[in-house]
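Notes for the one structure printed next.
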There are 2 protein chains.
Amino acid sequence: MLNEHPSVSAEARARVLAAVDALGYRPNAVARSLRTDQTRTLGLVISDVLNPYFTELARSVEEEARALGYSVIIGNADERPDLQDHHVRTLLDRRIDGLLVSPTDGGSPLMLDAARAGTPMVFVDRWIPGVDVPVVRADGRAAVRDLVAHLHGLGHRRLAIIAGPAATTTGSERVDAFREALAEYGLPLPGEYIGQGDFQAESGRRVTEGFLDLPEPPEVVFAADNLMALGALDAVRARGLRVPEDIGLAAFDDIPWFVHTDPPITAIAQPTGELGRAAVRALVDRIEGRPPQSVTLPARLVVRRSCGESPAEKRSRP
Amino acid sequence: MLNEHPSVSAEARARVLAAVDALGYRPNAVARSLRTDQTRTLGLVISDVLNPYFTELARSVEEEARALGYSVIIGNADERPDLQDHHVRTLLDRRIDGLLVSPTDGGSPLMLDAARAGTPMVFVDRWIPGVDVPVVRADGRAAVRDLVAHLHGLGHRRLAIIAGPAATTTGSERVDAFREALAEYGLPLPGEYIGQGDFQAESGRRVTEGFLDLPEPPEVVFAADNLMALGALDAVRARGLRVPEDIGLAAFDDIPWFVHTDPPITAIAQPTGELGRAAVRALVDRIEGRPPQSVTLPARLVVRRSCGESPAEKRSRP
DNA sequence: CAGGTCGATGTAATCGATTCCATGAGCTTT
DNA sequence: AAAGCTCATGGAATCGATTACATCGACCTG
């Protein structure tokens, strides 16, 4: 009756609406969801809320979802598979209409089951291979190649990477892209120049210390995410060394703060907001019976000063 | 039956549990909530997800809530009262058990009604005066006094502030505390040294430009939150000026990035995690029938280099 | 004017879990 | 052995909204 059913007289509706207003009545979404079997709610499970990349993603997801008439419940996995499962389970129990996930690991049975059982699902940023779920992500391959070209042009030859967990696609892809780009310049990527991180600042610090302890430390360190870059910066500072004079630093995932660090950090920027919006559109398409589409958007290199400057750039600076 | 009712035989339970496991059955939280009239869910409405202070708050809130057996649904108001109302309404429709709010404005009728109607509610960080709702917050008075002492000791006399919206308690309190502390040193706070911001980076930029255009610009700018400090830093850089040589900068709300900015920024740190946990405990007390308690924790000054250095500090630096 | 149609409104079933109540089986007690 | 009691179990009402269906009156048409 409150849903604009055509078979209700105009004055009856007016009277009811007045009463609704006077009493402050609001429909019980719980009861409605039980009856209609839809909650008009999306679940979003992200790997780390403290990472500005994911908060920006969350913000754009909520924005687009709101525009399409959906709410979003965010679950923070903190890069822990068990927490990720906890949130997926809770969201499923709440009978959310669809699930957006940036998986922390190679795929929990819970999530695989849910996907197989037909829960509308879309992967954002990271994904799980071999599962029939649309993926919305950025392709960093070209940007990584640009980065290596930039570093090579600056004269750097010994390049190291702080990798993310191998269980995540972004973790392994970024290393692969880096290795391939290096190969194009005839540069090696020796094992001791691949540090194993976990996308958290502390691991960036630890790995960087290892690099600095090497008999021949790298000239540039490329961190596979922004938090590990922050940790790397900490480690370099703690040794009394300077960026970029003593060692260069670059990061995957650009954030506003990188403009203001000392020095400003060269980074690969993802079209984060667009990714979030595209992911929501794909998921809602799936929910509402339209064929969902995977989307891949290009990332791009943003050059700043953390890897050193070409002579030309130096001249133009007073 | 699934709820450990004592009147069920052991083997019957075992058999059912086996079936539950085999079929992957999960209870429908929607139906349960409808029947029991509780969702074991807390709503959290924060002013801005992109502000690291609030994401840290959100994280600690979710953590503590999870420990107490509750879920959290986060609503991001983006400092907009209309969005705040949207989220409060949605959360209320979902029949959340309680609401944590950091109000963006002086109090929407919606929220006041909800409080009066008996919805369990707790204010975090910011609050609305005259409403009978527990408040969990940090007191920055002493820290602001410490900051002014620090600045005065460095020889600075012309101190300006970028204020937050007057409609928020944190907006007006920080100005008041600053003015009082200045008075203790016999320093004035002229109107042109009070810039009106809105807790967003862009307003910090704008206000700082105004300060720099003054015939007698301030020697130090104190931003009432971290994002406005970021904007201020932008504005100073855009003029080709340097911090702290040309102008000092301090901020309310400390964040990890402030260690790595150029220069590291002196800030007032709140015990954010503790605030989030205390707020959840107060709210859950209220929900479960125990008397909730307001909590006020002290903030503290973290001195870095953005306001200049004393001669002694300079000497110890190589 | 009778039969039929259309639209307005009231009534009842439904969603899935909880929870209360009645039934009945098994047991003790006098 | 009959009465009383405990405890397991099945059945039904409930939560609040949606939705299909039945009913009824009014109006239209042949």
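Note on naming: letters A, B, ... go to the chains in the order of the sequence lines (proteins, then strands), and numbering restarts at 1 for each one.
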Other residues, nucleotides, ligands: >12 heavy atoms within 6.0 Å of Q293(A) CD:
no

Does E62(A) pair with R277(A) as a salt bridge, N-O distance under 4.0 Å?
no

Hey, are R59(B) and D78(A) close enough for a salt bridge, meaning a charged N less than 4.0 Å from a carboxylate O?
yes

Please list each protein N or O that sits under 3.5 Å from an N or O in nucleotides 13-16 of chain D, with the distance.
| from | atom 1 | to | atom 2 | distance (Å) |
| --- | --- | --- | --- | --- |
| dT14(D) | O2 | R35(B) | NE | 2.5 |
| dG16(D) | N2 | A31(A) | O | 3.4 |

Given 3.5 Å as the limit, does a donor-acceptor pair link the side chain of Q270(B) with the main chain of D253(B), or not?
no

Taking R137(B) first and then D125(B), would you say they form a salt bridge - that is, a charged N and a carboxylate O separated by under 4.0 Å?
no

Would you indicate whether D37(A), at its atom CG, is surrounded by more than 12 heavy atoms from other residues, nucleotides or ligands within a distance under 6.0 Å?
no

Under a 3.5 Å distance rule, please check whether R126(A) uses its side chain to pair with a backbone N or O of S102(A) as donor and acceptor.
no

Five pairs at each end of the helix from dC1(C)-dG30(D) to dT30(C)-dA1(D): take the axis at both ends and give me the angle between them to 10°.
60°

